J.: 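Sharing a structure, written as structure tokens. Questions coming.
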Amino acid sequence: MINEKTLNELRRKIETAQMSEKRRAHTLAVEKAAIMLGELYAPEKTDVLRAAALLHDITKELTVEEHVKILREHGIEPTKAEIIADKTLHAKTAALLIPEKYPEFATADVVSAVRWHTTGHAGMTLTEKLIYLADYIDETRKFPDCVRLREMFWSKDPKSMEKSKKDAHLRDVLITSFKMTVSALLEEERPISTDTVDALNELIIKK
Ligand code: DGI
Ligand code: FE
Ligand code: FE
């Protein structure tokens with residue numbers, strides 16, 4: 001059951017879990033951002049968004065070897081491309097571990113929001129989009145692209161927008177975020193996941 005009581009218990013677990021202070025602060029700030037985005041776009045999904053936010057980076061600080069071990073234990077043999085895109089592995093392993101470690105939160109929408117929070121994919125649900133964005137623009141992010149995206153999102157006062165304008169605003173901010181990610185990966189000559197490209201293409205095509 002996901003409700004105020006279980007979410008508060010989950011937050012306490014995250015607050016005392018083994019992770020760096022930076023990751024803990026980020027995780028709690030993503031919950032805050034998810035609440036704000038939920039109020040704007042999906043008030044009925046606020047609890048789901050909070051659960052996904054608190055759980056999205058539970059495996060972020062594992063090594064590549066540990067990620068590969070978890071994938072294999074779940075019958076998944078990662079491809080070379082997946083291993084080289086090492087920063088994307090934690091979204092897959094977190095989604096796999098939620099049903100085992102946090103079964104009360106393992107609903108399909110929580111698990112899929114965690115699964116796709118790093119790359120996005122084609123056909124993202126609203127919940128997936130909101131967690132992806134909350135992760136990008138939480139208030140602890142100092143990286144210039146994140147600061148720019150946070151500004152882009154909030155400076156236009158989305159609260160005052162009517163629905164169609166607000167939806168277009170979300171789409172435009174998501175397009176900018178994927179462009180930033182792809183540009184940064186190109187610059188560093190790191191492999192771009194096909195899911196990232198599919199997510200961007202779909203948003204552009206629908207425009
Ligand atoms: O886990 P966080 O740091 O909070 O954020 P995240 O899960 O969005 O991860 C961001 C990192 O993932 C960042 O270093 C860029 C990387 N990333 C995102 N999409 C791709 C990617 N890396 C590769 N190689 N390919 C991608 O498509
Ligand atoms: Fe992450
Ligand atoms: Fe994150």
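When a residue number appears, it is its place in the shown sequence, counting from 1. Atoms within each ligand, like the ligands themselves, are counted from 1 in listed order. If you're wondering where the values come from, they're calculated on a predicted model, not measured in any experiment.
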J.: What protein N/O/S atoms are there under 2.8 Å from the Fe ion (ligand 2), waters excluded?
T.: Asp57 OD1, His90 NE2, His117 NE2
J.: Less than 4.0 angstrom from a charged side-chain N to a carboxylate O is my criterion; do Glu202 and Arg171 meet it?
T.: no
J.: From atom 20 (C) of ligand 1, work out which of Ile84, Leu185, Leu89, Thr194 has a heavy atom at the shortest distance.
T.: Leu185
J.: Which of the numbered atoms in ligand 1 are under 4.0 angstrom from any heavy atom belonging to His26?
T.: 4 (O)
J.: Looking at Thr196, which atoms of ligand 1 are within less than 4.0 Å of one of its heavy atoms?
T.: 19 (N), 26 (C), 27 (O)
J.: Under the side chain to side chain contact (heavy atoms under 4.5 Å, CB included) rule, what do Tyr102 and Val110 come out as? Steps first, then yes or no, please.
T.: CA-CA 11 Å; Tyr102 302 91; Val110 169; over 6 Å; no
J.: State whether the side chain of Arg24 and the backbone N or O of Met19 hold a donor-acceptor pair below 3.5 Å, judged by distance alone.
T.: yes
J.: Which option, Asp138, Asp135, Thr59, Asp57, owns the non-hydrogen atom nearest atom 6 (P) of ligand 1?
T.: Asp135
J.: Stepwise, does the side chain to side chain contact (heavy atoms under 4.5 Å, CB included) test hold for Leu40 with Leu170?
T.: CA-CA 10 Å; Leu40 277 171; Leu170 177 61; over 6 Å; no
J.: Could you establish whether Pro191 and ligand 1 come within less than 4.0 Å of each other, counting only heavy atoms on the residue side?
T.: yes
J.: In ligand 1, which numbered atoms sit nearer than 4.0 Å to a non-hydrogen atom of His90?
T.: 1 (O), 7 (O)
J.: For ligand 1, which atoms sit closer than 4.0 Å to a heavy atom of Arg23?
T.: 1 (O), 2 (P), 3 (O), 4 (O)
J.: Tell me whether Met180 reaches ligand 1 (any heavy atom closer than 4.0 angstrom to a ligand atom).
T.: no
J.: For Arg190 and Leu185, what are the C-alpha separation, side-chain angles and deciding distance, and is it a side chain to side chain contact (heavy atoms under 4.5 Å, CB included)?
T.: CA-CA 5 Å; Arg190 275 152 62 198; Leu185 293 169; 3.7 Å; yes
J.: Going by the order shown, which atoms of ligand 1 are within less than 4.0 Å of some heavy atom of Thr118?
T.: 6 (P), 7 (O), 8 (O), 9 (O), 12 (O), 18 (C), 19 (N)
J.: Look up atom NZ in Lys87 and atom NZ in Lys60, then write down how far apart they are to the nearest 0.5 Å.
T.: 6.5 Å
J.: For residues His117 and Asp57, is any side-chain donor paired with an opposing acceptor at under 3.5 Å?
T.: yes
J.: Would you call Lys163-Asp167 a salt bridge at under 4.0 Å N-O?
T.: yes
J.: Show the numbers, then the answer: is there a salt bridge (Lys or Arg N to Asp or Glu O under 4.0 Å) between Arg12 and Glu15?
T.: CA-CA 5 Å; Arg12 273 197 293 279; Glu15 275 166 351; over 6 Å; no
J.: Quick one: sort the His56 and His26 rings into parallel, tilted or perpendicular, breaks at 30° and 60°.
T.: perpendicular
J.: Among protein heavy atoms, which lies nearest atom 13 (C) of ligand 1, and at what distance?
T.: Arg190 NH2, 4.2 Å
J.: Just which atoms of ligand 1 are under 4.0 Å from any heavy atom in Arg141?
T.: 2 (P), 3 (O), 4 (O), 5 (O)
J.: Less than 4.5 Å apart, any side-chain heavy atom of Trp154 and any of Met36?
T.: yes
J.: For Lys60, is at least one N or O under 3.5 Å away from an N or O on ligand 1?
T.: yes
J.: Considering residues at least two apart in sequence or located in another chain, which fulfil the salt bridge (Lys or Arg N to Asp or Glu O under 4.0 Å) criterion with Lys13?
T.: none
J.: Can you sort out which atoms of ligand 1 are near Thr181, meaning under 4.0 Å from one of its heavy atoms?
T.: 18 (C), 19 (N)
J.: For Val68, run the side-chain contact (heavy atoms from CB on, under 4.5 Å) check against Arg72, Glu66, Glu65 and tell me which one passes.
T.: Arg72
J.: Where is the nearest protein heavy atom to atom 11 (C) of ligand 1: which residue, which atom, and how far?
T.: Lys87 CB, 3.9 Å
J.: Near His117, which atoms of ligand 1 are under 4.0 Å from a heavy atom of that residue?
T.: 7 (O)
